[in-house]
Each structure stands twice: as structure tokens, then as C-alpha cells.
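Data block below; observations after.
Worth saying up front: this structure is predicted, and the values here are computed from it rather than measured. FYI, side chains are in, hydrogens and waters are out, and symmetry mates aren't considered; it's all heavy atoms of this structure.
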Amino acid sequence: MPFTLQDELFLTRALSLAGQAAAFASPNPTVGCVLTRDEHLVGEGAHSYDKRHHAEIVALKQASELGHTVRGATAYVTLEPCSHQGRTGPCANALIAAGIARSVVATVDPNPLVRGQGLSRLRAAGIDVILLDPDHPLARQSRRLNDAFAHFVQHRRPFVTLKAALSADGKLAPAPATRTNKAPHWITGAAARADAQLLRHASDAILTGIGTILADNPSLTDRTGLPRRRPLLRVVLDGALRTPLDSHLVTSAANDLLLLSFPHLTSSDPDLAARASRLASHNAEVRQIPTLHHHLDLHAVLAELAQRQILSLLVEAGSQVNDSFLTSDLVDRVVLYSSRIHLGDDAIPFAANFGSPQALQQRLIHTTHSTFPSDLTPNGEDHRTVGYLHDPWAGVL
């Protein structure tokens, strides 16, 4: 049976459910499921990690509780039903046992160890399976929801998004000599900043460097007000542990602040251990990270975060940290907000030695653009560019 307009409507609903539950799924994939019989919805659901059940099971349970039969039904699933035993049983088996007659799937599982096995199991049971072409808009939407999961299961490190707000001349902030207080200097308007908060909400962790902490005294919190499964982990690259005890970060620490420092034994600073102890007494966790060329090894940083099941990392940092991530080829996605404000030649560059943001944008793939009204300049607009340096789904058919 071909993919119909009715199929598109129900799969779109499944994707909406998945999107609404995205902040509750990590470190599992974001999945939504809709069950229909005779073109009537009989059950639906999405996955939440803490509630354990996968989207298909949630939908089956809802149908049962509502007194609906699912034998002969169609299951619309945003990601290939799992075929392996994890914390829960295989969803493909549950759909087969329920008597599903047909399944419409947005995209395959990106995990190379199980990819295609759930679909094969459904087909072997006589279920009619429709898998969307990867270029179908709904397939792309499902993949974008699971970029971080796809990257993590293939590479075992977090999916890194570098976000920056830039002036019209490609600068991050005014020259230090012109700064009068330790607070953020807004380049973009309120609408663009609110959009950037959604990036924080969609991330497992946010990372910056000690330079940004000392210059801006940021909080690095998720200020959307939207619910999430686990707190946004705030990570600071702070080799010598210079983060002030009275900073917004430390005074608000609640098991959500991680400071990454030089190893004590390789540091020439004898007070490093004492500072680590003081920070720990203020609820800041301190971890030692190996060094590379006298800087924290970013590969080791990402390995540390991977051990903590951090699938998505948002880098909101200064010129030096941006440069380090880009020159190490560790940035997967870039989100750039640009305004009409000019900061001048002495202002802080986007990335110390990497090159201009315009040159970076020319390297991006799967690029999208949007605009936001700006309250900082008369009749102004802020522009957002989103693009990828590495496609997390590359090689996944």
C-alpha cells in the first residue's frame, strides 16, 4: 500500500509527539508513535527515559486502556522500532504480538549494531512496512530530532553545536578596554536571545571557557521555563580553577556545575588542589582532564562527557575556545546569530586564529536561514544561520 495523505497526517502527529517529549528522552532517542485503525486514532505516545516505556509501548497501553483493539491497525513510528533487549523488550516484537497489520516508519535506527533489524522482523511477521526515503521532509524532520543520538551511537562522543552571536563585522564582543562591568554585552535582540535559549533547552550540557566566566559572569542556565528530564549540565574549561566562589555559576550550583581542570601533578600551581576543595565545598564538581600542548585536551573533555551520557553539547564560548573546537574539528553543527551592530577592528574576534565566520559559513552543509526582529537597532533584524560541518546521519541509508 503506498504512502498516502492520511499517512502523512498521522506521521506528522507522531513527529509532533516526539518533539514535545524531546527534552525527556536523552540518552535514548526521541520517538513518537501513533496507532490508527480504520483511519481513526486509537492510541499514541512518546518516549520518556524516566518512564522507561518506548513510544510504541506507550501507544499500545493507551489503546488498551481506552478499550480499543489494535489488531489490524497501522503503527506510525518516527524511528525504526527497536529489535534488541535493553532496559525494556523489543518494540518490534510488541507490535507483532499486538497484531499490527501495517507500519509507517520515518527513518531507520542509526545504531549500526541493530540498524534495519526491527524492520526486518516486522516484515518477516507479514506486516506491511513503509519506510520513507531519507530525503522525504518527514524523514529529515525525524533525523533532525535525533541528530545527537545518531552521532553518539556511531562515534561515542557528544554531538557538538557551536553557537555564537556576532556583530555585522563578525565580532563576539567589544574590546576589553571598553567594557565597564562583568556582564554580557548584548549583540542581538530579545527575540534572537529567546531562540538561543531553546538551543540550551534542547542540549544535555553547555560549555564555556574561564575567559567568558571572568568577563561576563554568566549563569549559563536554561531560561525557557520548559520542563526537562535532567538539569542542563554547565561545564567550564578552567585549567587553573579561577572560577570565583561568588560567581553566578558557583552561587547557583546544584549538582549541575562541572569544572574541568589541569591534573594536579602536572600543574605548576601548588594551590590548585586547595582551590578545587573550596569549589567542591560550594557544590561545584571538579574533574582533572589530561592536557595537550599545555591546554585541556578537548578529546578527553568530550570523553568525560560521554561517560556521563551527555549526547548533545552546546558550546557558548569566547574566541579561544571557539578556535580550539574548530581547529580540532570537533564542531558538528554551527548556529550563528548576526546583527547589524558594528563593533570595530579592536573587538574580540569570533575565533582567534581560525578565520572569519563568513569563511566558516561557506563550509556548512544542510544550511537554513531565518530572521528575528531586533529591539537593539531601529527597524533592525537579527539573522540566524544553522548548518553542519559533519552530518551525523552520513552513511545511514
Keeping the roles fixed (side chain from [X], backbone from [Y]), state whether a donor-acceptor pair exists under 3.5 Å.
{"X": "T36", "Y": "L41", "answer": "no"}
{"X": "Q154", "Y": "P392", "answer": "yes"}
{"X": "D238", "Y": "R242", "answer": "yes"}
{"X": "S48", "Y": "A25", "answer": "no"}
{"X": "D323", "Y": "N353", "answer": "yes"}
{"X": "H248", "Y": "N217", "answer": "yes"}
{"X": "D332", "Y": "V160", "answer": "yes"}
{"X": "S247", "Y": "V250", "answer": "yes"}
{"X": "D38", "Y": "H40", "answer": "no"}
{"X": "S339", "Y": "I187", "answer": "yes"}

Would a 4.5 Å heavy-atom cut-off, applied to side chains only, mark [X] and [Y] as touching?
{"X": "P158", "Y": "L311", "value": "no"}
{"X": "V235", "Y": "L233", "value": "yes"}
{"X": "L232", "Y": "R200", "value": "yes"}
{"X": "L313", "Y": "L302", "value": "yes"}
{"X": "K163", "Y": "Y337", "value": "yes"}
{"X": "D169", "Y": "L343", "value": "yes"}
{"X": "Y76", "Y": "T74", "value": "yes"}
{"X": "H151", "Y": "H390", "value": "no"}

* Asked: For T69 and R37, what are the C-alpha separation, side-chain angles and deciding distance, and is it a side chain to side chain contact (heavy atoms under 4.5 Å, CB included)?
  -> CA-CA 8 Å; T69 180; R37 193 168 186 274; 3.7 Å; yes
What I want to check is whether the side chains of [X] and [Y] have a donor and an acceptor closer together than 3.5 Å.
{"X": "S83", "Y": "R121", "result": "no"}
{"X": "R230", "Y": "S26", "result": "yes"}
{"X": "E8", "Y": "T12", "result": "no"}
{"X": "R384", "Y": "T368", "result": "no"}

Say you draw a straight line from [atom1] of [X] to [atom2] of [Y]; how long is it, rounded to the nearest 0.5 Å?
{"X": "S328", "Y": "H299", "atom1": "OG", "atom2": "NE2", "result": "6.0 Å"}
{"X": "I341", "Y": "K171", "atom1": "CD1", "atom2": "NZ", "result": "15.0 Å"}
{"X": "E44", "Y": "S16", "atom1": "CD", "atom2": "OG", "result": "9.0 Å"}
{"X": "L241", "Y": "S261", "atom1": "CG", "atom2": "OG", "result": "4.5 Å"}
{"X": "I348", "Y": "L172", "atom1": "CD1", "atom2": "CG", "result": "7.0 Å"}
{"X": "T224", "Y": "D195", "atom1": "OG1", "atom2": "CG", "result": "12.0 Å"}

Taking a hydrophobic cluster as the set of Ile, Leu, Val, Met, Phe, Trp and Tyr residues connected by side-chain heavy atoms closer than 4.5 Å, whether directly or through intermediates, do [X] and [Y] fall within one such cluster?
{"X": "V335", "Y": "L314", "result": "yes"}
{"X": "L326", "Y": "F159", "result": "no"}
{"X": "L260", "Y": "L162", "result": "yes"}
{"X": "L272", "Y": "L258", "result": "yes"}
{"X": "I100", "Y": "L131", "result": "yes"}

Surrounding [atom1] of [X] (heavy atoms of other residues, nucleotides or ligands, distance under 6.0 Å), is the total greater than 12?
{"X": "N283", "atom1": "CG", "value": "yes"}
{"X": "D375", "atom1": "CG", "value": "yes"}
{"X": "R223", "atom1": "CZ", "value": "yes"}
{"X": "Q20", "atom1": "CD", "value": "yes"}

Report, one line per pair, each donor and acceptor closer than 3.5 Å where one atom sits in a side chain of residues 106-116; sequence neighbours left out.
unit_1 : atom_1 : unit_2 : atom_2 : d
T107   : OG1    : R143   : NE     : 2.8
T107   : OG1    : R143   : NH2    : 3.3
D109   : OD1    : N111   : N      : 2.8
N111   : OD1    : L113   : N      : 3.0
R115   : NE     : D109   : O      : 3.3
R115   : NH2    : P110   : O      : 2.6

Quick check: closest heavy atoms across [X] and [Y], and the distance to 0.1 Å?
{"X": "F3", "Y": "H136", "answer": "CE2-NE2, 3.7 Å"}
{"X": "Q320", "Y": "A352", "answer": "NE2-CB, 3.6 Å"}
{"X": "S219", "Y": "L249", "answer": "O-CD2, 3.5 Å"}
{"X": "P227", "Y": "A23", "answer": "O-CB, 3.8 Å"}
{"X": "I289", "Y": "A300", "answer": "CG2-CB, 3.8 Å"}
{"X": "D382", "Y": "P373", "answer": "OD2-O, 4.5 Å"}

* **Worked check of side chain to side chain contact (heavy atoms under 4.5 Å, CB included) between V334 and V386** => CA-CA 6 Å; V334 175; V386 181; over 6 Å; no
* I would like to know whether H383 and F372 meet ring pair (Phe, Tyr, Trp, His ring centres under 6.0 Å); could you show each step before the answer? => CA-CA 6 Å; H383 294 261; F372 302 91; 9.4 Å; no
Between [X] and [Y] (salt bridge meaning N to carboxylate O under 4.0 Å), is one present in this structure?
{"X": "R13", "Y": "D7", "result": "no"}
{"X": "R308", "Y": "E304", "result": "yes"}
{"X": "R333", "Y": "D147", "result": "no"}
{"X": "R229", "Y": "D50", "result": "yes"}

* Co-members of L226 in a cluster of I, L, V, M, F, W and Y side chains, linked at under 4.5 Å ->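 Other cluster members: L198.
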* To do: Could you go through the side chain to side chain contact (heavy atoms under 4.5 Å, CB included) check for I57 and C91 one step at a time?
  => CA-CA 7 Å; I57 307 304; C91 292; 4.2 Å; yes
* Asked: Checking side chain to side chain contact (heavy atoms under 4.5 Å, CB included) for the pair L207/V301: CA distance, chi angles, key distance, verdict?
  -> CA-CA 10 Å; L207 179 147; V301 168; 4.0 Å; yes
* Please say whether the positively charged group of R144, taken as NZ for Lys or CZ for Arg, lies over the ring of Y388, i.e. under 6.0 angstrom from the six-membered ring centre and within 45 degrees of the axis. =>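 The answer is yes, since R144 meets both limits relative to Y388.
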* Using the side chain to side chain contact (heavy atoms under 4.5 Å, CB included) rule, pick out the option among V153, L145, L79 that qualifies with P29. =>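 Per the side chain to side chain contact (heavy atoms under 4.5 Å, CB included) rule, the option paired with P29 is L79, out of V153, L145, L79.
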* Enumerate the residue pairs fulfilling ring pair (Phe, Tyr, Trp, His ring centres under 6.0 Å) with a member in residues 42-73, sequence neighbours excluded, ordered by first and then second residue. =>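 Those involving residues 42-73 are H47-H54.
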